[in-house]
Amino acid sequence: MDYIYFKIQQEIITHITSALKILKYPVQIKLERPPDQGLGDFSFPCFSFSKISRKSPNETAKIIAEKLSTNHFIKNICVDGGYINFSIDETPLIQETVHSILTNKQSYGHLDKKNIFIIVEHTSANPNGPLHIGRARNPIIGDTLTRLLKAAGYSCESQFYLDDLGKQVAILCWGINNLPKEEKASIANKKLDHIAVGFYQKANDLMNEDPQVKQDIQDIIWKSEHGDIQTISLIQEAYQPVLKGMNESLKRVNITIDTYIPESTFVKDSSVEKVLDILKNTPFCHEEHGAYYLDLESFGIKGRNTKFFITRGDGTSLYATRDIAYHAWKATQADILLNVLGEDHKLESKQVEIGLQLLGIEKIPKTVFYSFVSLPEGKMSTRRNRVVYLDDLIDECVQRAYEEVKKRRADEFSELEMKTIAEKIGTGAVRYNIIKVQPEKDMVFQWEDALNFEGNAAPFIQYAHARASSILSKNETSIKGIEKQIYSKLMHPSEIQLIKKMALFPFVIQEASITYKPHLIASYLFDIASLFNQFYRDCPVLSEPDKELKIARLCLVASAKQVLNNGLCILGIDALEEM
RNA sequence: GGGCGUGUGGCCUAGUCUGGAUAUGGCACUGGCCUUCUAAGCCAGUGAUCGCGGGUUCGAAUCCCGCCACGUCCGCCA
């Protein structure tokens with residue numbers, strides 16, 4: 001893709017490079033953006049060169065600036081406070097940007113195809129109950145990353161690593177098969193995952209009270225981990241409905257997962273065994289009461305205990321060992337492995353990494369860790385019933401959105417229309433509130449914040465999109481086959497600001513995808529929506545008497561709508577024509 | 001005890017990797033703007049020892065050292 005801003009930036013870098021070469025200064029270029037638009041569009045700090053020139057930073061900047069020339073992109077160069085500030089000629093920028101948006105449409109902002117395949121592993125929640133909002137951060141970050149990476153030109157697959165072995169599903173399995181079924185009336189309107197969690201909770205309690213139950217559950221674990229086909233399929237029957245329920249919740253917030261990889265796969269195909277064979281033969285492996293562990297002290301692992309157990313005393317594998325086998329397999333499937341994990345998995349992730357190294361695998365997964373969402377009264381806990389389920393959050397947000405729509409537009413929309421719009425606003429709000437904060441920040445969930453649809457929230461962006469759509473739907477002037485020269489009519493500061501910001505979209509996608517920071521997209525979109533609202537205030541479109549300016553503005557509205565749409569698409573939030 | 005992460009106005013948050021111009025926005029609060037394209041909006045205002053203490057630097061929210069608080073982990077759990 002040929003984006004004008006890339007070209008302009010490259011142009012400036014080339015100019016500075018040749019100036020620095022003439023002066024025999026080291027070529028170290030960091031282009032910044034001035035804090036104030038009045039200063040220019042790009043700035044080049046010259047402080048580091050003042051040591052060489054033995055002059056003040058500002059004098060140095062002047063010396064460098066003298067060797068620079070303007071061209072058709074660069075309108076003006078001025079030195080101020082040790083910076084060389086570049087003002088770009090807005091005409092080509094405006095023309096090219098609007099033109100590029102209207103011709104590239106849904107792919108505006110997207111980067112060139114890279115022929116690199118990424119597996120994004122996310123969610124991977126134990127299928128023993130509904131997703132709660134602590135876990136919900138995972139699919140939202142994961143899905144947004146997947147969408148973002150696709151926009152950045154990668155091909156991607158999302159994977160859910162399905163925990164079908166071990167204690168959690170075994171408890172569920174026992175509960176489903178041994179506890180009395182619930183009465184039809186009490187489960188009438190319940191989702192499958194919400195029904196199942198009751199069995200899990202009861203079975204969990206019984207396990208702690210009744211040694212026989214505990215033994216039964218342990219049998220299930222033992223059999224499944226030894227690859228007993230019958231037990232594994234019994235477990236599968238138990239968790240499938242839960243998974244179905246979880247997927248319904250995810251689907252509601254526009255998340256679908258491409259592939260499910262059951263953990264048992266790697267036991268059944270004996271790849272775990274092969275992994276163990278190799279790991280046992282490394283010098284780091286030791287044995288203790290029949291169990292094998294790797295001593296990770298020499299790998300920089302510190303703490304009370306540096307032993308990483310890879311088998312139990314009975315020879316069966318452990319979760320992390322199977323995870324190594326899974327990652328070893330993934331490494332053969334993709335160019336880049338990206339995992340989204342809770343911060344509690346940091347050590348385990350490091351152990352997997354070391355395991356892969358010992359297997360001679362160089363494709364080490366990259367990981368985005370997120371902190372937990374807690375409640376004002378403390379950590380979320382299903383057992384203590386101190387938990388907010390994702391479904392409840394979605395329901396509340398949709399309900400709130402419905403009330404707002406009804407308040408404003410009851411006389412214009414049908415009941416069905418209001419419900420449809422409310423669903424999109426409510427679910428969008430859920431995603432946006434989670435993705436706008438960088439993953440490593442702790443979050444305390446507050447209903448008040450979650451249900452606030454003003455300011456930096458999804459409805460603000462959807463609203464700007466709806467306003468743009470509204471203008472276009474009322475317009476009767478054709479904007480097909482417009483010559484881009486007409487866009488130079490767009491001279492109002494609000495128009496220029498908006499266009500300049502839209503020109504940055506590819507940069508933002510680039511930056512966000514390289515650093516795996518989806519929240520950058522959220523704050524960028526917020527800026528676009530905000531600038532659009534300012535434009536909306538300052539520049540009437542439909543009533544504009546100058547025909548050419550009107551057309552240019554219509555094109556600008558269409559571009560803004562497109563950029564908002566493309567950005568919302570990366571965030572997995574529905575754009576709205578009306579709200 | 002150790003590892004990792006976080007700490008920015010009353011609350012939330014950007015910027016931290018790659019040091020740079022008066023620290024970004026939002027919520028709340030105060031005042032103003034709907035006979036004109038949707039007021040879920042716009043404009044203005046109040047409000048910050050950037051956790052604390054040192055250091056490096058012409059320059060530190062950003063880098064280094066020490067400390068404090070919170071989260072998280074250090075299971076033959078997952």
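If you're wondering where the values come from, they're calculated on a predicted model, not measured in any experiment.
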Distance between C1' atoms of B:C34 and B:A40 (Å, rounded)
15 Å
Need one value for A:E348: base, sugar-phosphate or nothing, where a base atom within 4.0 Å counts as base even if backbone is also close, heavy atoms only.
base
Measure from the side chain of A:E404, starting at C-beta and using heavy atoms only, and say which of B:A40, B:C76, B:U38 lies closest.
B:A40
Does A:E440 reach a base, just sugar-phosphate, or nothing at all? Heavy atoms under 4.0 Å.
sugar-phosphate
RNA chain B nearest-nucleotide lookup for A:E225 and A:T515: closer to the 5′ end is A:T515
Base, sugar-phosphate, or nothing for A:G303, non-hydrogen atoms under 4.0 angstrom?
base
Distance check needed: B:A39 P versus A:Q462 CD, whole Å only.
17 Å
Atom pair distance, as rounded to whole Å: CD in A:Q446 and P in B:A28:
14 Å
Provide the distance between the two P atoms, one in B:G1 and one in B:G9, to the nearest whole Å.
29 Å
Rounded distance in Å between the C1' positions of B:C11 and B:C17:
28 Å
Hey, is the side chain of A:R304 pairing donor to acceptor with the base of B:G2 inside 3.5 Å?
no
What's the closest nucleotide to the A:I425 side chain, out of B:U6, B:C74, B:A40?
B:A40
Quick one: which of B:G71, B:G41, B:G15 gets closest to the side chain of A:D442?
B:G71
When syn is taken as a glycosidic angle within 90 degrees of 0, is B:C50 syn or anti?
anti
Determine the contact category for A:S371: base if any of its heavy atoms lies under 4.0 Å from a base atom, sugar-phosphate if only primed atoms, P, OP1 or OP2 are that close, otherwise nothing.
nothing
What base-paired stems does RNA chain B take part in, with at least 3 consecutive Watson-Crick or G-U wobble pairs and both distances under 3.5 Å?
B:1-7 with B:68-74, B:10-12 with B:25-27, B:29-33 with B:41-45, B:51-55 with B:63-67
With the side chain of A:F526 defined as its heavy atoms from C-beta on, choose the nearest nucleotide among B:C73, B:G75, B:G25.
B:G25
For nucleotides B:U62 and B:G54, find the distance between their P atoms and express it as a whole number of Å.
14 Å
Salt bridge between A:R386 and A:E377, side-chain N to carboxylate O under 4.0 Å?
no
Using a 4.0 Å heavy-atom cut-off across all strands, classify A:N128 as base, sugar-phosphate, or nothing.
nothing
Counting heavy atoms from C-beta on, name the nucleotide in B:G5, B:G41, B:A78 closest to the side chain of A:K346.
B:G5
Over how many whole Å does the gap from A:E32 atom CD to B:U24 atom C1' extend?
16 Å
Remember a base hit wins even if backbone is also touched, and classify A:E343 as base, sugar-phosphate or nothing at under 4.0 Å, heavy atoms.
base
Within a 6.0 Å radius of atom CD on A:E412, are there more than 12 heavy atoms belonging to other residues, nucleotides or ligands?
yes
Please give the distance between the C1' atoms of B:C4 and B:C42 as a whole number of Å.
44 Å
Would A:K346 count as a cation-pi partner of A:F369, with NZ or CZ less than 6.0 Å from the six-membered ring centre and within 45° of the ring normal?
yes
Base, sugar-phosphate, or nothing for A:D449, non-hydrogen atoms under 4.0 angstrom?
nothing
Is A:E448 touching bases, backbone alone, or none of the nucleic acid, heavy atoms closer than 4.0 Å?
nothing
Between B:G26 atom C1' and A:L525 atom CG, what is the distance in whole Å?
16 Å
In whole Å, measure the gap between the P atoms of B:U35 and B:A28 for me.
24 Å
Considering only B:A40, B:A21, B:A78, which nucleotide approaches the side chain of A:S43 most closely?
B:A21
Say whether, by atom type as modelled, one donor and one acceptor occur between the side chain of A:K424 and the main chain of A:L576 under 3.5 angstrom.
no
Nearest-neighbour nucleotide for the A:P540 side chain, B:C76, B:G41, B:C37 considered
B:C37
Nearest-angstrom distance from the residue atom CG of A:N475 to P of B:U36
20 Å
For A:T306, which contact category applies under a 4.0 Å heavy-atom criterion: base, sugar-phosphate, or nothing?
nothing
Taking it one step at a time, do A:I29 and A:L20 satisfy side chain to side chain contact (heavy atoms under 4.5 Å, CB included)?
CA-CA 9 Å; A:I29 300 171; A:L20 293 176; 4.0 Å; yes
Touch class at under 4.0 angstrom, heavy-atom based, for A:V557 against every strand present
nothing
Within this structure, what is the CG-to-P distance between A:L472 and B:U38, rounded to whole angstrom?
11 Å
Is A:E403 salt-bridged to A:K406, cutoff N-O under 4.0 Å?
no
Separation of A:L531 atom CG from B:G26 atom C1', in whole Å?
15 Å
Could you check A:V79, A:I12, A:I77, A:I16 and say which one makes a side chain to side chain contact (heavy atoms under 4.5 Å, CB included) with A:F44?
A:I16
Can you check whether any acceptor in the base of B:A40 is under 3.5 Å from a donor in the side chain of A:N452, or vice versa?
no
Reckon A:L165 touches a base, only the sugar-phosphate, or nothing at all at heavy-atom distances under 4.0 Å?
sugar-phosphate
Checking all strands, does A:I301 fall into the base, sugar-phosphate, or nothing category for heavy-atom contacts under 4.0 angstrom?
nothing
Whole-Å distance between B:G25 C1' and A:F460 CZ?
10 Å
The side chain of A:K302 is closest to which nucleotide in this list: B:G3, B:A78, B:G15?
B:G3
Pairing of A:R409 and A:E417 as salt bridge, 4.0 angstrom limit:
no
Between A:S470 and A:G166, who's closer to the 5' end of RNA chain B by nearest nucleotide?
A:S470
Look at all strands and tell whether A:G81 reaches a base, only sugar-phosphate, or nothing, counting heavy atoms closer than 4.0 Å.
nothing
Distance test, side-chain N/O of A:R409 to OP1/OP2 of B:U38, below 4.0 Å
no
Cation-aromatic face contact A:R467/A:F532, 6.0 Å, 45 degrees:
no
Inspect the contact between A:R408 and A:E404 and indicate whether a charged nitrogen and a carboxylate oxygen are less than 4.0 angstrom apart.
yes
For A:M579, which contact category applies under a 4.0 Å heavy-atom criterion: base, sugar-phosphate, or nothing?
base
Would you tell me whether A:E448 and A:N452 have side-chain atoms, one donor and one acceptor, within less than 3.5 Å of each other?
no
Which whole number of Å gives the distance between the C1' atom of B:C63 and that of B:U57?
10 Å
If you measure from the C1' atom in B:G7 to the same atom in B:U16, how many Å do you get, rounded?
13 Å
